[in-house]
Amino acid sequence: MSLASWYKKNNNKWWALPLVLPSLFLPVAEWCNANTIMDGSRVFLIYMPLGLMTAFLLVFGWAALPGIILALLIRYIPLNGGLTALLAVVHFVIPIAVSWGGYRIFVPRRSSVMFGVIKLTSQRMLWLVIVNSVLFLVIYQMGLFFGWYGGVNNVAAESPLHTRTLINFQAVLVGCLTGTPFFYSLIRMCRNPRFVFSFRSRMKAQMQSGVTKLEITLWAVLVAVLVGLLLVPIDDFSSIFTTDYTLTLILPLMLWGAMRFGFLFITTAWMVVLTILCSGFHNYLPPYMGFQLHLAIASSSYAVFSITIYLMAVVTTRQRFLHNKARRVAFIDPIVQMPNLRALNRDLSRHSYSALAFLRVPELELLGRNYGVQLRIQYKQQLNDYLQPVLTTDEQVYHLSGHELAVRLGYDSYHERIEILDQRVKQFRFMWDGMAMQPQVGISYCYIRQPVNHISFLLGELSTMADLSLSTSKPESLQQQGSNHVQNAVRKKVAMMNRLQAAIDTGSFVLMAQRIEGIRGDAYHEILLRMKGDNEDDKMFTPDTFLPVAHEFGLSSKIDKWVLEATLKFMDEHREQLPGSRFSINLTPASVGRLQFAGEVKRLLARYKIEPWQLIFEVTESNSLTNLEQANATLTALQNMGCRIAIDDFGTGYASYARLKDISADILKIDGSFIRNILTSSLDYQIVDSICQLARMKKMQLVAEYVENEAVKAAVQSLGIDYIQGYLIGRPRLLESLLTKQR
């Protein structure tokens, strides 16, 4: 085993560093002490050994006790003999053992982390500083009372309330408060020299953003000048620095450092400054006019300053950490752990020119419904990792909502970079539970020049271009295609969405009715929807202009509900003029896919007292049956209620015959594209004939659409079709016109 490995394995054992280091550091701590004689007895302005011993326990735990005891024995046996050395051991070990034990009980986890953690500040102040100092002073007073320290250091029994007691307590308190974190860092550096770099990096991380070397140098110069003026006064009688109150001038500088430079920097600096000030106190405290009072005031200043600087450094460093953390979180999506839209906007503003690529993966929506949202998250994370090798250090992939991503690229040669990005995306295989998936990705791109004031509109245009890329299988440039028509399309779509929402809120729809006539003499009407224009004379909007937008923005189900309720209300109000009337209502895929739709129909029928057999619901085979299980459940519930179900535009959808085996319906409406050419196209005739045979096997009634002349009517009747719809039978007209006809 190499020496380095042996050292790494054994350096924390009680017989290694914990045994050696206390004997080496104790003289250093005593050198940092500052004391003087008051009324024939010694008093301390700062006392560091107790803080040193506490720091050893923080780093090494109970393994440090043998080394602490050995260091005390080595220090005091040559000076005062074995009895005094034993008293010193008791004097030190009891306070640090009790305070360290209490601290470990109340802070059982992460108790030895670096100083500056605000969650541990109260426990550290209580146990490692206050309890430690009080116990140390109590044992000292007991020793004075029982004569344990007789003849040692010129001390004598005295009242605990004497000024010397206060000064000594403040010296121990300041020594624990400032010395413990200082020696803690030194001990960790000795245990692991690499800690020096960690300490330096943490110190830099705690500094306020914007702090420069010039500011640190200016602060250090001002501190050095003020300390120099205090330690080397111009005149013992005329200088304003030869007073105790001028010591307060050091506090604003230290608070400046605490607020700007962080906890580690200022506590280390204050430890050095405080040691120097305490050692040279006789230079700025006048030896006349109540030296004892001046000494007490200076000692109190050391304690108050240390506590204030310590707490200010902890609080400001913690606030800075939380601010930086919140700032990082604001630019990172907490779930996907990728830069978000805010980060994209920030990074675009940092570069005068950029290229922006937009990645759209629509199949993620379907995959997410089947496998859960975790699939979307892992897809984006894996794709992000896969794209990193072709990106430079300042280029990133950004998470957008849904199934979209954005990539910011450098402006130089961005056309070639887009091609590389496209090839990389096409090579990507997404692994999910051992399955390799390759959803199709649409890519659009554009170059950007600052400032970008409307990033949301730009992303909307890129999304539209990415849809085009899905069909062309190549990246589409927003600039080359021209952004005007994309912007116009987006504006028209948004305008139509707003118009639709307003129409739903105000009822600005018009119901039309087209007659469907049976060969046996019965008839019913199909409800057709139109949307009013802005003015009375404006042409009304047909469903093909607004239903796609309604479906895209999730408004189609609301429109279906409005049509259903308006139709039932019309039937209820005019049941005497139109007795036994039947109406056919079209349903969009969103309504068929809703679990609660059948229950809503039942409640509306009960409210308006309409019989279920009076309603026929038409569903478009090519769209509504994507989720066959849910669609079948909804349609079956409507049938069980007494309503009838018709499949509209049969023959045009994907796998129509195969789906018809699994769907439950009462009526089959043959698409008009086959009926229109039934006399001129033998293929269309054969298709219609096969549909009729299939319907008879399923015991379904048939409706022929687009019957526009008598010849077509005779042909469909010869095939046994039950109902006829078209301009020959009747054109769409206002629903209210049915009342006029009845009169």
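- When side chains are defined from C-beta on, V592 does not count as touching F617, because their heavy atoms never get closer than 4.5 Å.
- The main-chain N or O of S591 is never found under 3.5 Å from a side-chain atom of K561 such that the two would form a donor-acceptor pair.
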Note to self: Apply side-chain contact (heavy atoms from CB on, under 4.5 Å) to residues L348 and Q450 and explain how you reach the verdict.
What the structure shows: CA-CA 7 Å; L348 288 175; Q450 281 303 311; 3.7 Å; yes
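- Aromatic ring orientation, Y524 versus Y723: perpendicular (interplanar angle above 60°, classes split at 30° and 60°).
- Between Y447 and Y411, the ring-plane angle classifies as perpendicular under the 30° and 60° cut-offs.
- Electrostatic pairing of K602 and E600 does not count as a salt bridge here, judged by no charged N lying under 4.0 Å from a carboxylate O.
- Within 6.0 Å of atom NZ in K426, more than 12 heavy atoms from other residues, nucleotides or ligands are found, so the atom counts as buried in its surroundings.
- No more than 12 heavy atoms of other residues, nucleotides or ligands shown are found within 6.0 angstrom of OH on Y371.
- The number of heavy-atom neighbours closer than 6.0 Å to CZ of R342, taken from other residues, nucleotides and ligands shown, is 12 or below.
- Classification of the Y379-F428 ring pair by plane angle, with boundaries at 30° and 60°, yields perpendicular.
- The neighbour count for E576 CD, taken as heavy atoms of other residues, nucleotides or ligands under 6.0 Å away, does not exceed 12.
- Considering only heavy atoms from C-beta on, I335 stays 4.5 Å or farther from V373 through its side chain.
- Remark: R417 pairs with E395 by the salt bridge (Lys or Arg N to Asp or Glu O under 4.0 Å) rule, at least two apart or across chains.
- Taking the salt bridge (Lys or Arg N to Asp or Glu O under 4.0 Å) definition, one finds that E363 meets it with nothing, sequence neighbours left out.
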Item checked: Audit row: D522, R582, salt bridge (Lys or Arg N to Asp or Glu O under 4.0 Å) steps and yes/no -> CA-CA 10 Å; D522 61 324; R582 293 188 299 158; 3.4 Å; yes
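- By the 6.0 Å contact criterion, OH on Y706 is open, its count of non-hydrogen atoms from other residues, nucleotides or ligands being 12 or less.
- Between L615 and L638, every side-chain heavy-atom pair lies at or beyond the 4.5 Å cut-off.
- Partner S584 forms a side chain to side chain donor-acceptor pair (under 3.5 Å) with one of E618, Q725, K669 and no other, that one being E618.
- In this structure, CD on Q438 lies 9.5 Å from CD on Q427, to the nearest 0.5 angstrom.
- At most 12 heavy atoms of other shown residues, nucleotides or ligands fall within 6.0 angstrom of atom NE2 in H551.
- A 4.5 Å side-chain heavy-atom check between L383 and F430 finds every atom pair outside the cut-off.
- Judged by the 6.0 Å and 45° rule, R346 forms a cation-pi pair with F331.
- In this structure, I616 CD1 and I527 CD1 are separated by 11.0 Å, a value rounded to the nearest 0.5 Å.
- A donor-acceptor contact under 3.5 angstrom links the side chains of N586 and E526, judged on distance only.
- A donor atom on one side chain and an acceptor atom on the other are not found under 3.5 Å apart for R594 and T634.
- Judged by distance alone, with hydrogens and angles left aside, the side-chain atoms of D422 form no donor-acceptor pair with the main-chain N or O of I418 at under 3.5 Å.
- No side-chain donor from either of D649 and T620 sits under 3.5 Å from a side-chain acceptor of the other.
- Side-chain N/O atoms of D385 and Q381 include no donor and acceptor closer than 3.5 Å.
- Taking OG of S352 as the start and CD1 of I448 as the end, the distance is 12.5 Å to the nearest 0.5 Å.
- With hydrogens and angles left out, the side-chain atoms of Y608 and E565 include a donor and acceptor closer than 3.5 Å.
- Interatomic distance, CG of D333 versus CG of L400, reported as 10.0 Å (0.5 Å rounding).
- Put simply, the side chain of Y445 does not reach to within 4.5 Å of the side chain of L409, judged on heavy atoms.
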